[in-house]
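In what follows, chains are A, B, ... by sequence order, proteins preceding strands, each numbered from 1.
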Protein chains: 2
Amino acid sequence: MTVIKPGKSQYQQIADLLQERIQDGTYAPGTLLPSEPELSRELDVSRVTVNKAVTLLRASGQVKVRRGAGTFVRSLPKLNRDAVARFAARNQGTGAGQVEISKLNLQSRTEYLHIGRVEAPAAVAEILGERDVLIRSRRLFANDEPTQLADSYYSWALTKDGPLTAAEVGKGGSYARLADLGVGPVRFSEDVNVRMPYDIERDRLEIEASAPIFEITHVAYAADDRPVSVTIHVMPGHLWTLRYTWDDPQESGQ
Amino acid sequence: MTVIKPGKSQYQQIADLLQERIQDGTYAPGTLLPSEPELSRELDVSRVTVNKAVTLLRASGQVKVRRGAGTFVRSLPKLNRDAVARFAARNQGTGAGQVEISKLNLQSRTEYLHIGRVEAPAAVAEILGERDVLIRSRRLFANDEPTQLADSYYSWALTKDGPLTAAEVGKGGSYARLADLGVGPVRFSEDVNVRMPYDIERDRLEIEASAPIFEITHVAYAADDRPVSVTIHVMPGHLWTLRYTWDDPQESGQ
DNA sequence: CAGTGGTCTAGACCACCAC
DNA sequence: TGGTGGTCTAGACCACTGC
């Protein structure tokens, strides 16, 4: 390869080159990249080197590989998740889950992976103070592309006879049902982490092993400050922007 | 290598193995991993394969390479950034910047990279509605390890004659100085994204090219809803947990 | 100067896809 | 069946570290 920038390795320069070509439309979204052997010939480097360059693009979500078929350019419309607004909007629909998607004229879909009684994961049990819980595990789609996994946990004793054990929970979503039980959430907190996906997450979200994901631990508190539900969101990092808004808590001075 | 799990590639299995050994203390934090040729012999694979496994650990921040010296196990105490609380606490110190660090008994330090008049980056200019801005660019450390880059932008016309053009801005931090000017922030918003670091960020934060970073765009609004400052935080993903807390905005709702 | 990781190559075999 | 990417190897040269 004709090395231009001396300070960089070949595979990094190739990654830069490919990235440029994606940016300027030479490789359009949805189309195939030239094959690795092809690029290998064009740039006069070994295929391993090309492959290493492509690996970088995969990690940043710009490209998606389908084995045997080729490497596709991804279109990257970012989804916006406004944490405060989405819960404020919950009385207009069937829950906060699909607010972001429907706003963008995308077709949203929810797939329920599991609804039932389970032993809570350690992190969840510690928050809820309970191991015997109801899980509502689901996968959300926009235009048939998976956009997030969301596992919600509730006290089993509290919810076992109610509508939360069914897929459709009715108007206002799960938080309205908690309100029906007298423990409507009034305060929320979210912890946001980034990490690499586990194997299962990688499969379910159809992302690369090297593509980082957001892990959001969302906790809802009732008026007496007891946590009443925990939801773990796992979302491909390249798909989402998270937004949080708040007022200065200093209104009554220091 | 003695392949145990058939569904996985060797380098993934080796990465799992190394991860286990880090978890269980076989490789303690701060110590050196066995060298790649050594692992190559032990596991009976080529060095390239070992290297590829180590690459995975680097992306998740578990390991840090110093060329010529070796591969070190990182200690990973997560820093907690509570967005709401850190601004509430600003009147106790010299700003929100160091709240998280000092809480953990770590030694905090701020290095000023640049303070002066610049042309605003496009994203910042769009928010502020102004291209002529003051930048306060800094790098923050905990125990001499870089923990984040923070670039703050203010209208140059507004701040050019004030204390914000000096390194030390005094009690209450920059937001107290904006309040002195009659545009004290009363509302905040943050947009959170994840991406791979640029080269400069990689160098300044001393992280791997494959390690994802948080990019937080923090905007402060004055009482008249005008944005008065923008701060871009760039933080290594493996170092931080972000926390946001809010009350149900439905108090007067339907 | 010996040891470390960074990078690159040529060649190979494989699983998977589309035709 | 031919093309695609996934993976692995042996060997090589390099820059950098620490003694």
Side-chain angles (χ1 to χ4, degrees), chain A residues 1-18 27 31-59 62-74 199 202-203 206-211, chain B residues 1-18 27 31-59 62-74 199 202-203 206-211:
Chain A
M1 173 186 193
T2 325
V3 176
I4 304 179
K5 307 169 190 177
K8 280 189 162 187
S9 54
Q10 294 188 53
Y11 74 87
Q12 281 171 332
Q13 294 182 50
I14 294 173
D16 292 347
L17 175 68
L18 296 177
Y27 306 145
T31 64
L32 273 170
L33 237 57
S35 74
E36 292 185 0
E38 214 170 316
L39 286 169
S40 168
R41 281 190 299 273
E42 181 201 340
L43 304 170
D44 196 24
V45 296
S46 75
R47 182 164 79 87
V48 180
T49 303
V50 172
N51 183 273
K52 208 168 174 184
V54 173
T55 297
L56 295 185
L57 299 193
R58 299 170 65 167
Q62 302 179 75
V63 129
K64 182 177 184 177
V65 172
R66 278 179 44 212
R67 278 190 66 169
T71 303
F72 292 82
V73 180
R74 262 195 157 134
D199 295 343
R202 180 173 46 67
D203 292 344
E206 294 170 18
I207 56 175
E208 309 283 342
S210 53
Chain B
M1 175 187 191
T2 326
V3 177
I4 304 179
K5 307 168 190 178
K8 280 190 162 186
S9 54
Q10 294 188 55
Y11 74 86
Q12 280 172 332
Q13 294 181 49
I14 293 172
D16 291 347
L17 175 68
L18 296 177
Y27 306 144
T31 64
L32 274 171
L33 238 55
S35 73
E36 293 185 359
E38 213 170 317
L39 287 169
S40 168
R41 282 189 298 274
E42 181 201 339
L43 304 170
D44 195 24
V45 296
S46 75
R47 181 165 81 86
V48 180
T49 302
V50 172
N51 183 274
K52 208 167 174 185
V54 173
T55 298
L56 296 185
L57 299 192
R58 298 169 65 167
Q62 303 179 74
V63 129
K64 182 177 183 175
V65 172
R66 278 180 42 213
R67 277 191 68 168
T71 303
F72 292 82
V73 180
R74 263 199 156 130
D199 295 343
R202 180 173 46 67
D203 291 344
E206 293 170 19
I207 56 175
E208 308 283 342
S210 54

Under 4.0 Å between a side-chain N or O of [X] and OP1 or OP2 of [N]?
{"X": "B:Ser35", "N": "C:dG3", "answer": "no"}
{"X": "A:Asn51", "N": "D:dG6", "answer": "yes"}
{"X": "B:Tyr11", "N": "D:dC8", "answer": "no"}
{"X": "A:Ser46", "N": "C:dC8", "answer": "no"}
{"X": "B:Thr49", "N": "D:dT9", "answer": "yes"}

Using atom [atom1] of [X] as one end and atom [atom2] of [N] as the other, report the distance to the nearest whole Å.
{"X": "A:Arg41", "N": "C:dT9", "atom1": "CZ", "atom2": "P", "result": "15 Å"}
{"X": "B:Leu57", "N": "C:dG5", "atom1": "CG", "atom2": "P", "result": "13 Å"}
{"X": "B:Ile14", "N": "D:dT7", "atom1": "CD1", "atom2": "P", "result": "12 Å"}
{"X": "A:Leu43", "N": "C:dC8", "atom1": "CG", "atom2": "P", "result": "12 Å"}
{"X": "B:Glu36", "N": "D:dT9", "atom1": "CD", "atom2": "C1'", "result": "15 Å"}
{"X": "A:Lys64", "N": "D:dG5", "atom1": "NZ", "atom2": "C1'", "result": "15 Å"}
{"X": "B:Leu33", "N": "C:dT4", "atom1": "CG", "atom2": "C1'", "result": "12 Å"}
{"X": "A:Gln12", "N": "C:dT7", "atom1": "CD", "atom2": "C1'", "result": "10 Å"}

Polar side-chain atom of [X] near backbone of [Y] as donor-acceptor pair, under 3.5 Å:
{"X": "A:Gln10", "Y": "A:Thr49", "value": "no"}
{"X": "A:Gln62", "Y": "A:Val73", "value": "no"}
{"X": "B:Thr55", "Y": "B:Asn51", "value": "yes"}

Mind checking side-chain hydrogen bond (donor to acceptor under 3.5 Å, both in side chains) for A:Thr31 and listing every partner two or more places apart, or none if nothing turns up?
-> none
Taking C:dT9, C:dG6, C:dG5 as options, the one with an atom nearest any side-chain atom of B:Thr71 is C:dG5
To the side chain of B:Arg58, which of C:dC8, C:dG6, D:dC8 is closest?
-> C:dG6
Atom of B:Ser40, atom of B:Val45 and distance for their closest heavy-atom approach = OG-O, 2.5 Å
Classify every nucleotide of nucleotides 11-19 of chain C by which part a protein heavy atom approaches to under 4.0 Å, writing B for the base, S for the sugar-phosphate alone and - for neither, in 5'-to-3' order.
-> BB--BBBS-
Yes or no on side-chain contact (heavy atoms from CB on, under 4.5 Å) for B:Val63 and B:Phe72, after CA distance, side-chain angles and deciding distance?
-> CA-CA 6 Å; B:Val63 129; B:Phe72 292 82; over 6 Å; no
Start with the C-alpha gap between A:Ile14 and A:Leu56, add the side-chain angles, then the distance that decides, and say whether side-chain contact (heavy atoms from CB on, under 4.5 Å) holds.
-> CA-CA 10 Å; A:Ile14 294 173; A:Leu56 295 185; over 6 Å; no
Mate of C:dC19 where both pairing distances stay under 3.5 Å, Watson-Crick or G-U = none
